[in-house]
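Report on one structure; see the data block that follows.
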There are 2 protein chains.
Amino acid sequence: MVSRAGLSQEAVVDAALELVDQDGLDALTLAAVANRTGVATPSLYKHVRNLAALRQLIALRVLDELTERLGAAAMGRSEEDAIRALMLAYRQYAAERPHRYAALPQKPQPDAALAAAGGRLVEVFLAVLRGYGLTDSAAIHATRCVRAAVHGFVALEVAGGFGLPEKLDVTYENLIDMVSGGLRTGTFT
Amino acid sequence: MVSRAGLSQEAVVDAALELVDQDGLDALTLAAVANRTGVATPSLYKHVRNLAALRQLIALRVLDELTERLGAAAMGRSEEDAIRALMLAYRQYAAERPHRYAALPQKPQPDAALAAAGGRLVEVFLAVLRGYGLTDSAAIHATRCVRAAVHGFVALEVAGGFGLPEKLDVTYENLIDMVSGGLRTGTFT
DNA sequence: GCTAGAAAGCTAATGCAGTTAGCTGGAGTT
DNA sequence: AACTCCAGCTAACTGCATTAGCTTTCTAGC
């Protein structure tokens, strides 16, 4: 069935994710992945176009993983309850897998699969916001605001952008209040 | 006065910033900086410890530049007026210099100068929030929330994380409303 | 003015990572 | 049993960061 090491694109991405989890994003090198999969570096090119492509595959995985988590968290809840669950789950994912979260692309990627995954993520937010009775355009603006708040907090937290780490839970509760308050009382254009 | 090319750490950072502005963060390479300053690559080590150090110097510059802009924008304003000006100036900086904004560190940096610069940035936010009569701890939480919202939006925008770029101005106005509404009515612990 | 020393620059060389080219051997097929 | 395909390999090249050691030039002090 499979020749030698039984490698596949999936297995390569798996190994790359382990590497990222353990040693951070900067440690993601084809040599390291090859080493971890017990293969010579050039052999990886049989499964992955190049390093950039591997990074995109990773981003795709992370995005889908996050989307799944958020969907599960929001399921069966509505309105503020759902928003709160969504935001908590989001932060929790980044806390559990900070390096994976950091692996999300920081620059515009022209990748179609990635864009689709981003769309799926947005869909989860939109689904939750429908409970607020927001019309199409308003829902989009509201979604962006929620995403901005959540991503901003998490990104700053992961990057060590906040001083004291003790009270971050409290800050996040405040942020949740701010967001859900804004959704309740705010006027979205 | 100065030996040959009249280089200095400042000049190296200047050249590096030009490079980043023009070609993006990935284009920041010692070879490229050397080329731009008319010097052989190893000569740069006379002014900068290594590439990582250069990156930190760049981050420092950007952080201070941003802080200065925000301070100027908030000056003479108070409460919602000031918050609005602050948020608009923040986004405008990132829009003008997206690559510089992206050059801010994404990972915890143990650099003291960088931490100090971060502290100065936070000070501007805190100064504005004092107008809301927030006590110490509450002011810190509120500041973090504002920063999270602003940074999240800007980071997503710079990264192309939003679909349609047309209505982003509108979204940002909504975000400003959400934040200032939260500051007005919210209870910060 | 002259000379010593520090500073700034250079060339040479090393190591590592990504990538390409071309070979090879085993698995599945006919 | 011969054929074909493909995963994996070795060899080789490139670009970049970094170090070592030499040369030149400016400055300071005599």
Side-chain angles (χ1 to χ4, degrees), chain A residues 1-60 99 102-103 105-107 109-111 114, chain B residues 1-60 99 102-103 105-107 109-111 114:
Chain A
M1 188 181 177
V2 184
S3 290
R4 204 62 151 271
L7 221 44
S8 66
Q9 184 171 87
E10 181 125 2
V12 171
V13 176
D14 285 343
L17 278 173
E18 282 177 29
L19 197 64
V20 168
D21 281 338
Q22 286 180 21
D23 303 338
L25 193 55
D26 295 339
L28 177 63
T29 174
L30 288 181
V33 174
N35 183 50
R36 182 173 286 257
T37 52
V39 132
T41 308
S43 304
L44 295 175
Y45 287 81
K46 290 289 153 87
H47 305 283
V48 155
R49 190 157 39 82
N50 52 28
L51 179 61
L54 178 57
R55 291 213 185 98
Q56 291 211 337
L57 290 171
I58 287 178
L60 198 59
H99 298 311
Q106 329 271 336
K107 328 201 74 182
Q109 301 289 131
D111 186 278
L114 214 51
Chain B
M1 188 182 180
V2 186
S3 292
R4 202 62 152 274
L7 222 44
S8 66
Q9 184 171 88
E10 180 126 0
V12 170
V13 176
D14 285 342
L17 278 172
E18 282 177 29
L19 197 63
V20 168
D21 281 337
Q22 285 180 20
D23 303 337
L25 194 56
D26 296 339
L28 178 62
T29 171
L30 288 181
V33 173
N35 182 50
R36 181 173 286 258
T37 51
V39 133
T41 308
S43 305
L44 295 176
Y45 287 81
K46 291 290 154 87
H47 305 283
V48 155
R49 189 158 38 83
N50 54 26
L51 180 61
L54 178 57
R55 290 214 185 97
Q56 290 211 339
L57 289 172
I58 287 177
L60 197 58
H99 297 311
Q106 329 272 335
K107 330 201 76 183
Q109 301 290 133
D111 185 277
L114 214 51

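Chain A is the first sequence line, chain B the second, and so forth, proteins listed ahead of strands; every chain is numbered from 1. All figures in this text were calculated on a predicted structure; none of them were measured in a lab. Atoms considered below: every heavy atom in the structure, side chains included; atoms not considered: hydrogens, waters and symmetry mates.
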What string of B, S and - do you get for nucleotides 12-23 of chain C, 5' to 3', if B is base contact, S is sugar-phosphate-only contact and - is no contact with any protein heavy atom under 4.0 Å?
B----SSBB---
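- Remark: nothing in residues 19-27 of chain B comes within less than 4.0 Å of DNA chain C through any heavy atom.
- OP1 or OP2 of D:dC9 sits under 4.0 Å from a side-chain N or O of A:Ser43.
- Counting only residues at least two apart or on different chains, no salt bridge (Lys or Arg N to Asp or Glu O under 4.0 Å) pair has a member in residues 42-58 of chain B.
- Counting to the nearest Å, the P atom of D:dG8 and the CG atom of A:Asn35 are 15 Å from each other.
- For the side chain to side chain contact (heavy atoms under 4.5 Å, CB included) test, residues two or more places apart in sequence or in another chain that qualify with A:Leu30 are A:Thr41, A:Leu44, A:Tyr45, A:Leu51, A:Leu54.
- Listed here is the closest heavy atom pair of B:Ala40 and B:Ala34: C-CB, 3.9 Å.
- With sequence neighbours excluded, the residues that form a side chain to side chain contact (heavy atoms under 4.5 Å, CB included) with B:Leu60 are B:Asp64, B:Ala113, B:Leu114, B:Ala117.
- Two residues are said to be in side-chain contact when any heavy atoms from C-beta on lie closer than 4.5 Å; A:Ile58 and A:Leu28 meet this criterion.
- Checking the phosphate oxygens (OP1, OP2) of C:dA7, no side-chain nitrogen or oxygen of B:His47 falls inside 4.0 Å.
- For the pair A:His99 and A:Leu25, the minimum side-chain heavy-atom distance is 4.5 Å or more.
- Residue pairs meeting the side chain to side chain donor-acceptor pair (under 3.5 Å) criterion with at least one member in residues 9-18 of chain B, sequence neighbours excluded, are B:Asp14-B:Arg61, B:Glu18-B:Arg36.
- Residue A:Val33 is tested with A:Leu17, A:Val39, A:Leu19, A:Val20 for a side chain to side chain contact (heavy atoms under 4.5 Å, CB included); the sole match is A:Leu19.
- Atom pair B:Leu54:CG and D:dT18:P shows a separation of 10 Å (rounding to whole Å applied).
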